[in-house]
Chemist: 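Sending over a structure as C-alpha cells; questions will come in a sec.
All values below come from the heavy atoms of this structure, side chains included, with hydrogens, waters and symmetry mates left out.
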Amino acid sequence: KREYSISEWHKPSTAETIQIRAAAAAGVMRPSFELPANYQRLIGLPVKPEDKANGAYGVIVELPGAELLFPNQSILVCIPSVNFGKTVKTGTRVIVERVKNESVEVTVRILRYDASEGYLWFRSSNPGYQVPVAIPSFIPGEMPRAWLDDHGNLWNIAAVVIGAYIPFDQ
C-alpha cells in the first residue's frame with residue numbers, strides 16, 4: 001500500500017472572510033489607499049488563520065498595470081508589509097502605494113533586486129508602464145521603508161501578495 005503526503009499548503013482549508021480594501025490600477029489617482037466604504041466588499045477565500053490574524057485583506061486588480069500577472073478583476077490576498085515576517089525574495093509580488101499631491105495610486109509590482117540595487121517593476125502590456133522604480137538604500141532581503149523621490153512622490157510597499165483568486169472569463 002502506498003501512502004501519499006500532502007504538504008501544508010495543499011491541505012484543504014476553510015474560507016476566511018477578508019475585506020476587499022483597495023483597487024490597483026496604474027495611473028489612477030484616488031483620494032486614499034482604501035476604496036470608499038460603499039465599494040469595499042467582504043469575500044470568502046481560502047486564507048490561513050495566521051494570515052488573517054496578520055491583517056490579510058483583498059486588492060482587486062484593474063487595468064492597466066498588472067495584466068501580464070493577473071487578469072482584470074482578479075482578487076489578490078495581501079498581508080500588510082509591516083506584518084510580513086519573512087525574508088523578502090526577488091520576484092515577490094507587492095502592492096505599492098504612490099502618494100502625490102494628496103492623491104494615491106495603488107499598483108501591483110514585482111520587487112526585483114541583486115546584491116546592491118532594488119527595483120519595482122510593472123508587468124503590463126501597456127507601453128506607458130514599463131519603466132521600473134529604483135528603491136534607494138535597498139538592503140537585499142529586507143522590506144524597503146517608504147521613500148520620497150526627486151519628483152515629490154512618496155513611495156511605500158503597502159503589502160505583499162500571498163495569493164490570488166483569478167476569475168475565468170464568462
Side-chain angles (χ1 to χ4, degrees), residues 5-13 15-16 18-27 33-34 43 45-99 104-126 128-150 153-167:
S5 65
I6 299 175
S7 73
E8 208 44 49
W9 177 250
H10 292 97
K11 286 184 181 175
S13 66
E16 293 281 345
I18 62 170
Q19 185 84 22
I20 297 176
R21 291 179 37 202
F33 178 85
E34 293 197 1
I43 185 167
L45 291 173
V47 176
K48 294 177 185 177
E50 59 267 25
D51 293 334
K52 176 136 184 187
N54 279 324
Y57 64 90
V59 173
I60 192 159
V61 176
E62 297 178 343
L63 299 176
E67 62 274 13
L68 297 178
L69 291 173
F70 303 106
N72 191 35
Q73 300 300 300
S74 295
I75 299 169
L76 307 181
V77 179
C78 306
I79 297 289
S81 60
V82 296
N83 297 343
F84 189 73
K86 301 176 185 172
T87 299
V88 181
K89 298 177 184 174
T90 192
T92 298
R93 291 163 172 88
V94 294
I95 302 299
V96 176
E97 170 182 45
R98 177 177 68 96
V99 180
V104 180
E105 175 192 50
V106 178
T107 55
V108 181
R109 308 268 185 133
I110 293 182
L111 172 63
R112 296 217 183 270
Y113 61 83
D114 58 24
S116 61
E117 297 180 322
Y119 295 92
L120 296 169
W121 286 87
F122 278 116
R123 292 293 294 136
S124 177
S125 57
N126 184 318
Y129 301 109
Q130 300 297 322
V131 178
V133 172
I135 303 170
S137 306
F138 183 75
I139 300 170
E142 291 188 13
M143 185 64 68
R145 299 192 187 282
W147 71 94
L148 193 61
D149 70 14
D150 295 338
N153 295 295
L154 177 64
W155 295 90
N156 181 45
I157 296 178
V160 176
V161 178
I162 61 164
Y165 167 74
I166 299 173

Chemist: For the pair E117 (side chain) and A115 (backbone), establish whether a donor and an acceptor sit closer than 3.5 Å, ignoring hydrogens and angles.
Modeler: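 Checked: no pair found.
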
Chemist: Quick one: pull up CD1 in I43 and CD1 in I20 and give me the separation to the nearest 0.5 Å.
Modeler: 4.5 Å

Chemist: What's the spacing between I139 CD1 and R145 CZ if we round to 0.5 Å?
Modeler: 8.5 Å

Chemist: How far apart are the closest heavy atoms of F84 and I79, and which atoms are they?
Modeler: N-CG2, 4.1 Å

Chemist: Could you give the distance from CZ (F122) to CG (L68), rounded to the nearest 0.5 Å?
Modeler: 12.0 Å

Chemist: Measure the shortest side-chain to side-chain distance between Q73 and E62 over non-hydrogen atoms and say whether it is less than 4.5 angstrom.
Modeler: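 The answer is yes, as the side chains (C-beta and beyond) meet within the 4.5 Å cut-off.
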
Chemist: Answer yes or no: does atom CH2 of W121 have more than 12 heavy-atom neighbours from other residues, nucleotides or ligands under 6.0 Å?
Modeler: no

Chemist: Can you name the one residue among Y113, Y119, W147 that meets ring pair (Phe, Tyr, Trp, His ring centres under 6.0 Å) with F138?
Modeler: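 Running ring pair (Phe, Tyr, Trp, His ring centres under 6.0 Å) over Y113, Y119, W147 with F138 returns exactly one hit, Y113.
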
Chemist: I need the minimum non-hydrogen distance between V61 and A66, along with the two atoms involved.
Modeler: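 In terms of heavy atoms, the two residues are closest at CG1-CB, 4.3 Å.
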
Chemist: Heavy atoms only: give me the nearest G91-R112 pair and the separation to one decimal.
Modeler: CA-NH1, 3.7 Å

Chemist: For V47 versus K52, what's the shortest heavy-atom pair and its separation?
Modeler: CG1-N, 4.0 Å

Chemist: Hey, does the side chain of N153 reach the backbone of R98 with a donor-acceptor pair shorter than 3.5 angstrom?
Modeler: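 Side chain of N153 to backbone of R98: no pair is present.
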
Chemist: Taking the side chain as C-beta and beyond, is there a heavy-atom pair between D51 and I18 under 4.5 Å?
Modeler: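 SC-SC contact between D51 and I18 ruled out.
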
Chemist: How long is the gap from CE on M143 to OG1 on T87, to the nearest 0.5 Å?
Modeler: 10.0 Å

Chemist: Write down the atom of A25, the atom of L63, and the distance for their closest heavy-atom approach.
Modeler: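 Closest pair (atom of A25, atom of L63, distance): CB-O, 3.8 Å.
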
Chemist: For G58 and I75, which heavy atoms make the closest approach, and how far apart are they?
Modeler: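 So the two residues come closest at CA-CG2, 4.5 Å.
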
Chemist: Is any side-chain heavy atom of V108 closer than 4.5 Å to a side-chain heavy atom of V94?
Modeler: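 No, too far: nothing below the 4.5 Å cut-off.
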
Chemist: Could you give the distance from CG (L111) to OG1 (T90), rounded to the nearest 0.5 Å?
Modeler: 6.0 Å

Chemist: With heavy-atom distances below 4.5 Å as the criterion, would you say the side chains of L76 and I95 are in contact?
Modeler: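 Answer yes - side chains close enough.
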
Chemist: Where the side chain of Q130 meets the backbone of S124, is there a donor-acceptor pair that is under 3.5 Å apart?
Modeler: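 Pair found, side chain donor or acceptor close to backbone of S124.
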
Chemist: Working to the nearest 0.5 angstrom, can you tell me the gap between T107 OG1 and Y129 OH?
Modeler: 10.0 Å

Chemist: Let me have the donor-acceptor pairs involving side chains of residues 155-163, under 3.5 Å, with sequence neighbours excluded, atom names and distances please.
Modeler:
| from | atom 1 | to | atom 2 | distance (Å) |
| --- | --- | --- | --- | --- |
| W155 | NE1 | D149 | OD2 | 2.8 |
| N156 | ND2 | E97 | OE1 | 3.2 |

